[in-house]
Amino acid sequence: RGPEARYWLGLTLKSQEQWRPAADTFLQAAAASPQHKLVTAMRVQAGTALMHAGDLPAAEAQFDAVAANDAAENEWRDEALRGKLQVALQKGDGEAVDRLAARFNEQFASSPLRADVERIRAQSLLERKDYRRAIEVLRPLVDSAAEGPQGLEDRYLLTLAYDGEGRRE
């Protein structure tokens, strides 16, 4: 099978939450065609699947490989950095979350993933019981949120932060 077919197979496996087979498919395709235009996407997708499979070190390695590639055509760098943030959150490494979020906001200020990064940062702050800072992060997300699942999640997280502060707003 060609790299495109393997990429789509990996996405199909991922959509079925078959995390390890999806990751293996992406990684095998990337190894077989290291110069293919989809290799960067395959590595990000593999990182996400590995993260869901619970293999955080392997996921982080895939995200690192993409994030370190500062080639202009690499439109997946913001996705990789978001993946690194998700891994840091799962590890409970609040300092890494803060550092990576600051790096993301500096490098990718106009990325459509910025709200996701702020949400990850807020989740980390809530886990650390830093409710005041979580409110500062979440309030703008709630104020600008559209209806839908992300808006509901933002309001829920903000409610948790207010509750932690002992406020009822």
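At least one donor-acceptor pair closer than 3.5 Å links the side chain of R128 to the backbone N or O of S124. Under the 3.5 Å distance criterion, the side-chain polar atoms of D163 are left unmatched by any main-chain donor or acceptor of T159.
Between M42 and P3, some side-chain heavy-atom pair lies under the 4.5 Å cut-off. Put simply, the side chain of K84 does not reach to within 4.5 Å of the side chain of R99, judged on heavy atoms.
A59 and G47 get closest at one heavy-atom pair: CB-O, 3.2 Å. Contact between V87 and F63 at its shortest, heavy atoms only, is CG2-CE1, 4.0 Å.
For the ring pair (Phe, Tyr, Trp, His ring centres under 6.0 Å) test, residues two or more places apart in sequence or in another chain that qualify with H52 are W19. Residues meeting the salt bridge (charged side-chain N to carboxylate O under 4.0 Å, His left out) test with R121, sequence neighbours left out: E118. D55 pairs by the salt bridge (charged side-chain N to carboxylate O under 4.0 Å, His left out) definition with R20, not counting sequence neighbours.
Taking 4.0 Å as the cut-off between side-chain N and carboxylate O, E79 and R82 count as a salt-bridged pair.
Using modelled atom types and a 3.5 Å distance limit, the side chains of N69 and R77 yield no donor-acceptor pair.
Within a 6.0 Å sphere centred on CD of E95, other residues, nucleotides and ligands contribute 12 heavy atoms or fewer.
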